[in-house]
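Worksheet: one structure, shown below.
Chain naming here is simple, since letters A, B, ... match the order of the sequence lines and numbering starts at 1 in each.
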Amino acid sequence: MSKVSSEENIAAIYSMLARAWGRQHWWPARSRFEVIVGAYLTQNTSWRNVEIAMRNLHAARVLSVEGIRNISVGRLERLIRSSGYFRQKARKLKMFVRFLDRCYGGSLNKMFAQPTAELREQLLSLNGVGPETADSILLYAGQHPVFVVDAYTRRLSIRHGILPDNAPYEEIRSLFERSLTRVPELSAIVVSSSSAGKASHSPSRMSLAARSPLAQVFNEMHGLIVSAGKQYCLKSKAHCDQCPLGPLLRPSSG
DNA sequence: TTCCGGCCGG
DNA sequence: CCGGCGGGAA
């Protein structure tokens, strides 16, 4: 069989899924802080249950740094109950705000102005923030160019022979970042389908995307992988015959 | 019963 | 490396 490098495989996955499904509008949230809260709440938890908690927080008007700073742990627990592990997660959200206050005077702007690598280490030092949560915050709340590795990424990569099943997080992350950085036309796929019309009516959003095209590619790739994982690459069973990536698995004459 | 966009402590 | 955390939906 023809030997294809992992980098080429990953690039192929990106272009096939992007072509099949287009933009993902991934990580729905109204603010950066909302992204951060969601990153905590969705740990080993279905997004469905997180949405209920987010609605509760929004209705209680505490979905902000201020709000989480001032709310009691008991009431916070009650509001996020649906997301599971609610006692741990309530404490950890309070701990994040304490960290933000202590190190950045409560300013997300100051926090995200930090260099990516330093901020990543700081986030990882927080109790309740592992690599996936840290990278989700960096990428989706801060537009820092890091690729988020999750269970879907591992599963899909293992099944496609890109990774051994014992590959450590950092190895996967650097592999995906390398693969998606190297191929220049990947960003063109994102850009072409996003800003087809010039002079859009949402300039703030566009300038952000334009400032960090690499982050946009990482963002899209993660969203596409999650879609594939939810629809086809299920945990117990994979429906490769229906999946847009099916052809990659079949030994072809190439 | 299983599964979910993990992480921590022993 | 392993158990615990935990509610909601399929």
Please give, in whole Å, the distance from [N] [atom2] to [X] [atom1]?
X	N	atom1	atom2	answer
A:R154	B:dC4	CZ	P	14 Å
A:F96	B:dG6	CZ	P	19 Å
A:E51	C:dG8	CD	C1'	12 Å
A:R81	C:dG6	CZ	P	10 Å
A:W47	C:dA10	CH2	C1'	20 Å
A:I137	B:dG6	CD1	P	14 Å
A:L234	B:dC3	CG	P	11 Å
A:K89	C:dG7	NZ	C1'	9 Å

I'd like to check A:Q122 versus A:L119 (side-chain heavy atoms, cut-off strictly below 4.5 Å). Are they in contact? yes
Is the shortest heavy-atom distance from the side chain of A:F33 to the side chain of A:I68 under 4.5 Å? yes
Between B:dT2 and C:dG3 - P atom distance, rounded Å: 15 Å
P spacing across the pair C:dG8 / B:dC7, given as an integer number of angstrom: 23 Å
Which residue lies more 5' along DNA chain C, comparing A:G84 with A:I52 via nearest heavy atoms: A:G84
Check the angle between the aromatic planes of A:Y140 and A:H222 and answer parallel, tilted or perpendicular using the 30° and 60° thresholds. tilted
Regarding [X], tell me which of base, sugar-phosphate or nothing describes its non-hydrogen contacts under 4.0 Å with the strands shown.
X	answer
A:V129	sugar-phosphate
A:S136	nothing
A:L41	nothing
A:F86	sugar-phosphate
A:T133	sugar-phosphate
A:K230	base

I want to verify a distance call: between B:dC7, C:dA9, B:dC4, whose nearest atom is closest to the A:S46 side chain? B:dC4
Of C:dG8, B:dC3, B:dC7, the nucleotide closest to the side chain of A:K235 is B:dC3
Is the base of [N] touched by the side chain of [X] through a donor-acceptor pair closer than 3.5 angstrom?
X	N	answer
A:T45	C:dG6	yes
A:N44	C:dG6	yes
A:Q88	C:dC5	yes

If the cut-off is 4.0 Å, is [X] near the phosphate of [N], judged by side-chain N/O to OP1 or OP2?
X	N	value
A:K92	B:dC7	no
A:N127	B:dG9	yes
A:R87	C:dG6	yes
A:T42	B:dG6	no
A:R155	B:dC4	yes

Polar side chain donor-acceptor pair, A:Y169 to A:D150, under 3.5 angstrom: no
Side-chain donor-acceptor contact under 3.5 Å, A:Y104 with A:N109: no
Taking the nucleotide of DNA chain B with the nearest heavy atom to each, does A:L124 or A:N49 sit closer to the 5' end? A:N49
When the nearest nucleotide of DNA chain B is assigned to A:H222 and to A:L126 on a heavy-atom basis, which residue is associated with the more 5' position? A:H222
Side chain to side chain donor-acceptor pair (under 3.5 Å) assessment of A:N9 paired with A:S6: CA-CA 5 Å; A:N9 244 312; A:S6 298; 6.0 Å; no
Take A:F176 and A:V149 through the side chain to side chain contact (heavy atoms under 4.5 Å, CB included) test and state the conclusion after the steps. CA-CA 9 Å; A:F176 272 76; A:V149 177; 5.6 Å; no
